[in-house]
Amino acid sequence: KPALITTFTLTEVQAEAILNMRLRSLRRLEEMEIRKEHKSLSRERKNLQDLLKDEALRWSTIEGEIARTQEKFGAGALGARRTTIANAPAAIEVNPDALIEREAITAILSDKGWLRAVRGHLAEGAELKFKDGDGLRMLLPCETTDKLCLFASNGRVYTLKAADLPRGRGDGQAVRVMVDLPGEDEIEAMFVWREGVKYLLAGASGRGFVAKSEDMLAATRTGKQLLNLREGERAVICAPVEGDHVACIGDNRKLLIFPLEQVPELARGVGVQLQRFKDGGLADVKTFTLAEGLSWQLGDRTRTETDLRYWLGERAQAGKTPPNGFPKSNRFG
């Protein structure tokens, strides 16, 4: 009763009368509404039938509707133009990379040059399947929004979008199909492109220089030539620059350490002689902080040598026999 009074603004007597009304009285009210609706629809049907029979009446009705529309929308707020006439807006360029969903993946490069990606970041030593006679060459955790740089033995760097790498359970796709890599060349390094990073590039002859990552992006399948090589020479090193000194080890098992500032920074070129050899060539290069010592991987352990005075010298010297326990592979890691 209070709800009826509040909702419909009824008096006490009205609310009481409604509550005391019999069900058949309510049905009577419903019947009255049905009759009212029937009367309205019958009148509308008659008007429509008259319009169908009389063409002059139809045009007269249309004229009246147009006049009412003109009166309503011809002037005033409703009649004002709601769009403007102007020059076409500037085209908005949408970067396709912005449409790529960011997802953690791992890029896998095999010994025979097959490249693929799997979901998630795989740890070193993860069980992977390859074709018969093939095996793991490089494992690179990255994200689908990343750009990957591949440094080849011909001194060129190639760029791939991580999102474009073949996914799934298959063997992937040959790198030579994805970029124009000659059949006699191989991928020596693969890394995620980051702005502001520097890399030390070197060929087997021991000549090299420092390059900025901004100079390493290639816009086409043919890649970008960074390290100019002599006939028959191969590029062997593309290592990130960290620290203040360079350690070079040759195939002849001679170690040389010299300041990083002695290596020039170039966008492209042959570079300078990092280490001189009588036999063989450059095996590996590493940049490091002298105060922290030189570290290398020996099996499952990491060894660090802090007293490096014996191997310190100037760029382009031959170097000396490395410390006891240095890997026979002549590699730092």
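Quick caveat: nothing in here was measured; it's all calculated off a predicted structure. Along the sequence shown, residues carry numbers from 1.
Contacts classified as ring-ring contact (aromatic ring centres under 6.0 Å, His included) and involving residues 308-333 (residues at least two apart or in different chains) are given here: W296-F326, F326-F332.
Evaluation of the side chain to side chain donor-acceptor pair (under 3.5 Å) rule for T83 yields R81 as partners, not counting sequence neighbours. For L160, the side chain to side chain contact (heavy atoms under 4.5 Å, CB included) criterion is met by L115, L150, L165, M178, V179, not counting sequence neighbours. Evaluation of the side chain to side chain contact (heavy atoms under 4.5 Å, CB included) rule for E37 yields L41 as partners, not counting sequence neighbours. Legend: residues meeting side chain to side chain donor-acceptor pair (under 3.5 Å) with S295, ordered by chain and number and at least two apart, are T304. Taking F130 as the reference, nothing meets the ring pair (Phe, Tyr, Trp, His ring centres under 6.0 Å) condition, with sequence neighbours excluded. Partners of A267 under the side chain to side chain contact (heavy atoms under 4.5 Å, CB included) rule, at least two apart in sequence or in another chain, are D215. R116 pairs by the side chain to side chain donor-acceptor pair (under 3.5 Å) definition with nothing, not counting sequence neighbours. Take F151 and apply the ring pair (Phe, Tyr, Trp, His ring centres under 6.0 Å) test, not counting sequence neighbours, and it matches no residue.
Across every non-hydrogen atom of A235 and L227, the tightest pair is CB-CD2, 3.9 Å. Closest non-hydrogen pair, L294 versus K286, comes out as CD1-CD, 4.2 Å. Residues V210 and L260 come closest through the heavy atom pair CG2-CD1, 4.3 Å. The heavy-atom pair separating V175 from L109 by the smallest distance is CG2-CD1, 3.6 Å.
Without hydrogens or angle criteria, Q14 side chain to T11 main chain gives a donor-acceptor distance under 3.5 Å. Checking side-chain atoms of S60 against main-chain N and O of A56 turns up no donor-acceptor pair under 3.5 Å. No donor-acceptor pair under 3.5 Å is formed between the side chain of T306 and the backbone N or O of G293. Distance alone, capped at 3.5 Å, places no donor-acceptor pair between the R268 side chain and the N228 backbone.
Residues V197 and V241 do not share a hydrophobic cluster, defined by chaining ILVMFWY side chains whose heavy atoms lie under 4.5 Å apart. Residues L266 and V263 do not share a hydrophobic cluster, clusters being chains of Ile/Leu/Val/Met/Phe/Trp/Tyr side chains in contact below 4.5 Å. In the hydrophobic cluster analysis, where Ile, Leu, Val, Met, Phe, Trp and Tyr join through side-chain heavy atoms closer than 4.5 angstrom, L200 is grouped apart from F209. Linking ILVMFWY residues whenever their side-chain heavy atoms come closer than 4.5 Å, directly or via other members, leaves L122 and I105 in distinct clusters. Neither L201 nor I237 shares a network with the other; the hydrophobic side chains, linked directly or stepwise wherever heavy atoms of I, L, V, M, F, W or Y lie under 4.5 Å apart, form separate groups for each.
R253 and D251 are not joined by a salt bridge, as no carboxylate oxygen comes within less than 4.0 angstrom of a charged side-chain nitrogen.
Once rounded to the nearest 0.5 Å, the distance linking CG of L229 with CG of L226 reads 10.5 Å. Between the CD atom of Q275 and the CG atom of N252 there is a distance of 6.5 Å, given to the nearest 0.5 Å. In this structure, CZ on F258 lies 9.5 Å from NE2 on H245, to the nearest 0.5 angstrom.
The other residues sharing a hydrophobic cluster with I66 are W59, I62, where clustering joins ILVMFWY side chains under 4.5 Å apart. L217 belongs to a hydrophobic cluster with W193, counting contacts under 4.5 Å between side-chain heavy atoms of Ile, Leu, Val, Met, Phe, Trp and Tyr, direct or through other members.
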List, one per line, each side-chain donor-acceptor pair under 3.5 Å for residues 136-144, sequence neighbours excluded.
{"unit_1": "R137", "atom_1": "NE", "unit_2": "I187", "atom_2": "O", "d": "3.0"}
{"unit_1": "R137", "atom_1": "NH2", "unit_2": "I187", "atom_2": "O", "d": "3.0"}
{"unit_1": "E143", "atom_1": "OE1", "unit_2": "R102", "atom_2": "NE", "d": "2.6"}
{"unit_1": "E143", "atom_1": "OE1", "unit_2": "R102", "atom_2": "NH2", "d": "2.9"}
{"unit_1": "T144", "atom_1": "OG1", "unit_2": "E101", "atom_2": "O", "d": "2.5"}
{"unit_1": "T144", "atom_1": "OG1", "unit_2": "E103", "atom_2": "N", "d": "2.9"}

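When side chains are defined from C-beta on, N154 counts as touching L181, because their heavy atoms get closer than 4.5 Å.
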